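Note that the structure is predicted; figures quoted are calculated from it, not measured.
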Amino acid sequence: MKKYNILSVLMLLFIAVHAQDKNIKKTQKQYQKYSALAAEEIQNGDFPQAEALYRKALDKNPEGDEAAYNFGNLYFENQKNKQSAIRYLESAKASKNKTVKHRNFHNLGNLMMAEKQYAKAVEAYKNALRNNPNDEETRYNLALAKQKREKQKNEGGGKDKNKDQQKKNKKKDQDKGGEGDNDEKKQDQQNRKDGKDKKENKQKKDDAKKDPKKGDSQKQKQPSKPQKGKMSKQQIKNLLQAIQNKEKNTQEKLNAKKVKGAKVKTEKDW
């Protein structure tokens with residue numbers, strides 16, 4: 001009875017393991033199939049179809065480092081850098097192969113260089129060299145990334161100065177803007193004054209049309225402008241009147257000398 005039970009358990013275990021292996025092989029075949037089809041679509045230049053097939057491949061095998069790496073390359077070639085970086089990291093994490101890890105981190109470093117994220121590029125190249133210390137290209141890229149990083153740091157210090165200068169310039173612009181506002185206010189006041197004068201002139205013309213006598217009287221109040229080199233009638237009249245007045249004053253003085261006036265004592269109010 002016991003032997004029978006042990007054999008049954010062993011048989012069931014064998015069947016389960018066999019079924020699992022069979023399922024794994026099937027999944028692996030599907031993964032490879034979708035990966036191969038995606039590669040073909042890349043050759044055909046069909047990015048959306050290749051993207052969909054790589055997703056199917058990774059759905060069948062989330063740890064498929066090869067598909068993740070190629071998926072990253074697909075995004076990189078189509079300038080989808082953020083998605084590309086995600087796929088390179090996924091591939092490097094999923095793989096136990098140092099060669100695969102190296103090429104993922106190397107490409108990630110190139111991607112970070114393109115994004116001008118030089119500090120992250122340095123770390124990526126370092127990780128690549130940890131998995132393949134003999135790659136001279138990665139070593140050269142690492143040295144270049146370090147130079148770019150230092151230059152970026154120095155320029156970053158200059159950015160603070162630039163910000164201060166920008167603040168000063170902004171303040172100057174605001175001050176100028178305030179002066180401009182004052183000029184605009186003055187212009188508005190002048191415009192209102194001109195408008196008021198025009199309105200008054202128009203009112204006078206309208207009044208003259210309604211009452212011609214009123215208009216004539218207003219014109220008479222304004223002195224006529226004499227021509228250059230000639231005297232107006234009014235000026236001649238004024239001149240004759242002045243002569244007559246002068247003669248009258250002279251005659252009065254002569255008459256006054258003939259009359260003796262009594263002296264008047266002025267009292268002082270002390």
Side-chain angles (χ1 to χ4, degrees), residues 16-153 155-156:
V17 171
H18 180 72
Q20 186 177 5
D21 290 341
K22 188 177 180 179
N23 189 42
I24 291 172
K25 288 179 180 180
K26 181 181 179 181
T27 301
Q28 187 65 21
K29 284 183 179 180
Q30 290 176 332
Y31 162 76
Q32 292 174 351
K33 176 185 175 182
Y34 288 131
S35 297
L37 290 173
E40 290 181 6
E41 295 301 334
I42 290 175
Q43 295 296 326
N44 295 333
D46 192 342
F47 168 77
Q49 187 64 22
E51 182 184 28
L53 288 167
Y54 275 131
R55 290 186 185 280
K56 288 182 178 181
L58 290 171
D59 183 59
K60 295 297 180 182
N61 183 13
E63 297 180 356
D65 54 5
E66 191 70 25
Y69 172 74
N70 290 332
F71 204 0
N73 290 340
L74 175 66
Y75 279 131
F76 184 73
E77 290 169 2
N78 286 272
Q79 299 180 350
K80 295 183 179 292
N81 294 346
K82 185 177 180 180
Q83 295 92 325
S84 179
I86 293 171
R87 296 304 175 185
Y88 284 142
L89 288 171
E90 286 179 350
S91 178
K93 185 178 179 180
S95 181
K96 295 178 181 180
N97 189 312
K98 286 190 174 184
T99 301
V100 175
K101 284 181 176 292
H102 165 261
R103 67 184 184 182
N104 275 287
F105 283 121
H106 179 92
N107 283 7
L108 181 61
N110 292 345
L111 179 61
M112 293 298 103
M113 288 286 282
E115 289 287 310
K116 296 183 180 180
Q117 298 184 30
Y118 302 120
K120 290 183 178 180
V122 168
E123 293 303 315
Y125 287 134
K126 284 182 178 179
N127 285 328
L129 287 172
R130 289 188 184 102
N131 289 281
N132 184 6
N134 300 320
D135 192 318
E136 293 300 325
E137 184 180 351
T138 304
R139 195 176 300 280
Y140 173 82
N141 289 357
L142 174 60
L144 182 62
K146 286 181 178 179
Q147 290 178 359
K148 295 284 188 180
R149 180 185 63 181
E150 293 305 314
K151 185 178 179 181
Q152 193 177 60
K153 284 182 180 179
E155 288 179 351

What side-chain donor-acceptor pairs closer than 3.5 Å can you find for residues 114-125, not counting sequence neighbours?
{"residue": "E115", "atom": "OE2", "partner": "N81", "partner atom": "ND2", "Å": "2.5"}
{"residue": "Q117", "atom": "OE1", "partner": "K120", "partner atom": "NZ", "Å": "3.3"}
{"residue": "Y125", "atom": "OH", "partner": "G109", "partner atom": "O", "Å": "3.4"}
{"residue": "Y125", "atom": "OH", "partner": "N110", "partner atom": "N", "Å": "3.2"}
{"residue": "Y125", "atom": "OH", "partner": "N110", "partner atom": "OD1", "Å": "2.5"}

Going by atom type alone, with no hydrogens or angles, which donor-acceptor pairs under 3.5 Å involve a side-chain atom of residues 35-45 and a protein atom two or more places apart or on another chain?
{"residue": "S35", "atom": "OG", "partner": "Y31", "partner atom": "O", "Å": "2.9"}
{"residue": "N44", "atom": "ND2", "partner": "E40", "partner atom": "O", "Å": "3.3"}

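Considering only residues two or more places apart in sequence or on other chains, Q30 meets the side chain to side chain contact (heavy atoms under 4.5 Å, CB included) condition with K26, Y34, K60. For N127, the side chain to side chain contact (heavy atoms under 4.5 Å, CB included) partners are F105, R130, not counting sequence neighbours. For E63, the side chain to side chain contact (heavy atoms under 4.5 Å, CB included) criterion is met by N61, A94, not counting sequence neighbours.
Note that NZ of K148 and CE of M112 are 16.0 Å apart. Values are rounded to the nearest 0.5 Å. Note that the CG atom of L111 and the CZ atom of F76 stand 5.5 Å from one another [nearest 0.5 Å]. The distance from atom OG of S84 to atom CG of N73, rounded to the nearest 0.5 Å, is 7.0 Å. Note that the CG atom of L53 and the CZ atom of F71 stand 9.5 Å from one another [nearest 0.5 Å]. Taking CG from D65 and CG from N70, the interatomic distance works out to 9.5 Å, rounded to the nearest 0.5 Å. Between atom NZ of residue K153 and atom CZ of residue R149 there is a gap of 5.0 Å, rounded to the nearest 0.5 Å.
Nearest heavy atoms, V100 versus S95: CB-OG, 3.3 Å. Heavy-atom minimum distance, N131 versus P133: C-CD, 4.0 Å.
In this structure, H106 and H102 have tilted ring planes: the angle between them lies in the 30° to 60° band. Between Y75 and F47, the ring planes are perpendicular. Angles over 60° get that label, and only those under 30° would be called parallel.
Within the 4.5 Å cutoff, the side chain of R55 has heavy atoms near those of the E51 side chain. Contact of the L142 side chain with the L129 side chain is registered, since non-hydrogen atoms from C-beta on lie closer than 4.5 Å.
Sorted by first and then second residue, the salt bridge (Lys or Arg N to Asp or Glu O under 4.0 Å) pairs with a member in residues 87-99 read R87-E90; sequence neighbours excluded.
Counting only distance, with no hydrogens or angles, the side chain of N78 and the backbone of K80 share no donor-acceptor pair below 3.5 Å.
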Could you walk me through whether E66 and R103 satisfy the salt bridge (charged side-chain N to carboxylate O under 4.0 Å, His left out) test, starting with their C-alpha distance in whole Å, then the side-chain angles of each, then the deciding distance to 0.1 Å, before giving a yes or no?
CA-CA 11 Å; E66 191 70 25; R103 67 184 184 182; 2.6 Å; yes
